[in-house]
Amino acid sequence: MTVDDTRPIWVQLVEEFRQCIVTGRWPSGSRVPSVRELAQRAGVNPNTVQRALAELDRSGLTATERTSGRFVAADDAVIDTIRRELAAGAARVYRDDARAVGLDLGRAVDLLTECWHGAGAAAADRPHDDHDQDDSHEH
């Protein structure tokens, strides 16, 4: 884990652990690695990891069973909600960055579509025609 010194480590751990859950690295219903193991992997104090995991418990992404350990939520709706929140945050960053470089909505959507399909930045270089749209996205 690369630590950003401008933000609390436990917050960064929450973000990393959420990514583990929404990407399936920690599958729904699976046991979360121990505090000690996670602390060793991240190179941080176990108390910092515990604080991050407590936040995951509070948000419903994980649950602690007194004798069995901590588990990823088995409720896919909870995980989908977090996945949507993370994606919405990424979308807002993209929107702001696209506006900052002067892209209009149509060009931003075209560029995202091209990148989604692996074509790279070619869409940003092409002229944009509002009449030449497919029905897969709205402007």
Side-chain angles (χ1 to χ4, degrees):
M1 177 177 147
T2 303
V3 176
D4 174 358
D5 292 331
T6 64
R7 298 176 30 228
I9 293 171
W10 73 270
V11 171
Q12 295 174 63
L13 289 172
V14 168
E15 292 168 355
E16 183 174 323
F17 298 162
R18 282 182 178 162
Q19 284 291 328
C20 288
I21 292 169
V22 300
T23 61
R25 282 182 283 163
W26 293 357
S28 177
S30 69
R31 189 160 194 249
V32 174
S34 72
V35 170
R36 177 172 281 137
E37 181 180 342
L38 292 170
Q40 286 175 342
R41 285 187 203 169
V44 300
N45 186 300
N47 291 331
T48 305
V49 171
Q50 182 57 42
R51 184 171 181 187
L53 292 172
E55 177 61 23
L56 293 181
D57 285 349
R58 190 193 65 70
S59 71
L61 276 176
T62 58
T64 302
E65 296 180 14
R66 187 176 277 260
T67 58
S68 304
R70 181 176 274 112
F71 292 84
V72 175
D75 183 355
D76 288 335
V78 172
I79 295 170
D80 286 342
T81 297
I82 300 299
R83 181 179 291 118
R84 182 167 171 74
E85 288 173 6
L86 293 172
R92 284 188 294 275
V93 169
Y94 175 67
R95 176 203 61 205
D96 294 346
D97 289 349
R99 284 178 176 167
V101 298
L103 293 182
D104 63 18
L105 177 60
R107 284 188 180 187
V109 169
D110 287 346
L111 179 58
L112 179 59
T113 301
E114 293 257 343
C115 289
W116 188 273
H117 295 292
D125 299 330
R126 279 200 321 257
H128 178 72
D129 181 358
D130 284 331
H131 301 291
D132 188 24
Q133 300 293 317
D134 64 33
D135 293 330
S136 64
H137 58 266
E138 295 181 13
H139 295 283

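We number each residue from 1, following the sequence as shown.
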Legend entry - Cationic N near anionic O, under 4.0 Å, Arg51 to Glu55: no
Legend entry - Pairwise distance CG(Asp110) to CG(Asp104) - rounded to 0.5 angstrom: 8.5 Å
Legend entry - Backbone N/O of Val35 and side chain of Arg70: donor-acceptor pair under 3.5 Å: no
Inset, instruction - Could you check Ile21 against Val32 for side-chain contact (heavy atoms from CB on, under 4.5 Å), going step by step and ending with a plain yes or no? - result: CA-CA 10 Å; Ile21 292 169; Val32 174; 5.9 Å; no
Inset, instruction - Kindly say whether Ala73 contributes a backbone atom to a donor-acceptor pair with the side chain of Ser28 at under 3.5 angstrom? - result: yes
Legend entry - Any donor-acceptor pair under 3.5 Å from Glu65 side chain to Phe71 backbone: no
Legend entry - Least distance between heavy atoms, Gln19 atom then Thr23 atom: O-OG1, 2.6 Å
Inset, instruction - Indicate if Val93 and Leu112 have the same hydrophobic cluster label, given that clusters are the connected sets of ILVMFWY residues with side-chain heavy-atom separations under 4.5 angstrom. - result: no
Inset, instruction - Quick one: closest heavy-atom pair of Ala42 and Leu13, and the distance? - result: CB-CD2, 4.0 Å
Legend entry - Heavy atoms of other groups near Arg84 CZ, more than 12 under 6.0 Å: no
Legend entry - Salt-bridge present (Asp80, Arg83; N to O < 4.0 Å): yes
Legend entry - Sole residue of Val14, Ile82, Leu53, Val22 in side-chain contact (heavy atoms from CB on, under 4.5 Å) with Leu61: Ile82
Legend entry - Within-4.5 Å side-chain heavy-atom neighbours: Gln12 and Glu16: no
Inset, instruction - Can you see which heavy atom on Trp10 is nearest to which on Ala52, and at what distance? - result: O-CB, 3.6 Å
Inset, instruction - Answer yes or no: does atom CZ of Arg7 have more than 12 heavy-atom neighbours from other residues, nucleotides or ligands under 6.0 Å? - result: yes
Legend entry - Phe17-Val44 co-clustered via ILVMFWY side chain contacts under 4.5 Å: yes
Legend entry - Salt-bridge contact Glu15-Arg18 (side-chain N to carboxylate O under 4.0 Å): no
Legend entry - Rounded distance [0.5 Å steps], OG in Ser34 versus CZ in Arg41: 8.0 Å
Legend entry - Intermediate values then yes/no, side-chain contact (heavy atoms from CB on, under 4.5 Å), Trp26 and Ile79: CA-CA 11 Å; Trp26 293 357; Ile79 295 170; over 6 Å; no
